[in-house]
Amino acid sequence: MGLPILAEIERLIVERGSAAVLRERLALANDRFIQLEAQVAKLEKENGELREQLQQLQQQRPGPAPREQFAEARGALFKRTAGGAYADVPYCPSCHLSTSPWPPRTGEYACSRCNWMADFTPRDLPAVMATLPK
Ligand SMILES: [Zn+2]
């Protein structure tokens, strides 16, 4: 490799019997050019690797924030599952924890941490969930 133009200049110098000093300078310039070429190749390779890493990181970015996985109905939150449907358990709007009926099976859904209570029971659940956004 090297600059073709330098080879041409060198040929002219040799033909016209110019000083060896000039040839030496020419050789130095040529060496420097080769070094720079290698450096450019190295930087291009690094740049390509960084692009790839960036792409991978962008693909790994987490999905929507937890808050966006919930939709509200009758004051309770419902969690979207991976398939886009809702899990049939109301969540506490304050704690984002799943609730359970109190008294068991028949009572209103209640949060065991903050004592929040829904105004509906398991029997109302299908009707409440029918109002959730699709
Ligand atoms: Zn709560």
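Remember, predicted model here, so these are calculated numbers, not experimental data. Side chains are part of it too, since the values below use all heavy atoms of this structure and drop only hydrogens, waters and symmetry mates. Each ligand, and each atom within it, is numbered from 1 in the order the structure gives.
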*If two hydrophobic side chains count as joined below 4.5 Å and joins carry through other members, does Leu97 share a cluster with Trp116?*
no

*Side chain of Thr99, backbone of Pro90: donor and acceptor closer than 3.5 Å?*
yes

Atom pairs and distances, side-chain donor-acceptor, residues 120-134, under 3.5 Å, sequence neighbours left out:
| from | atom 1 | to | atom 2 | distance (Å) |
| --- | --- | --- | --- | --- |
| Thr121 | OG1 | Arg123 | N | 3.4 |
| Thr121 | OG1 | Asp124 | OD2 | 3.3 |
| Asp124 | OD2 | Thr121 | N | 2.9 |
| Thr131 | OG1 | Val128 | O | 2.6 |

*Between atom NE2 of His96 and atom CZ of Arg113, what is the distance when rounded to the nearest 0.5 Å?*
11.0 Å

*Please list, in chain and residue-number order, the protein N/O/S atoms closer than 2.8 Å to the Zn ion (ligand 1).*
Cys92 SG, Cys95 SG, Cys111 SG, Cys114 SG

_Summary of side chain to side chain donor-acceptor pair (under 3.5 Å) pairs that have at least one residue in residues 42-56, sequence neighbours excluded_ = Lys45-Glu49

_Partner set under side chain to side chain donor-acceptor pair (under 3.5 Å) for Tyr91, not counting sequence neighbours_ = none

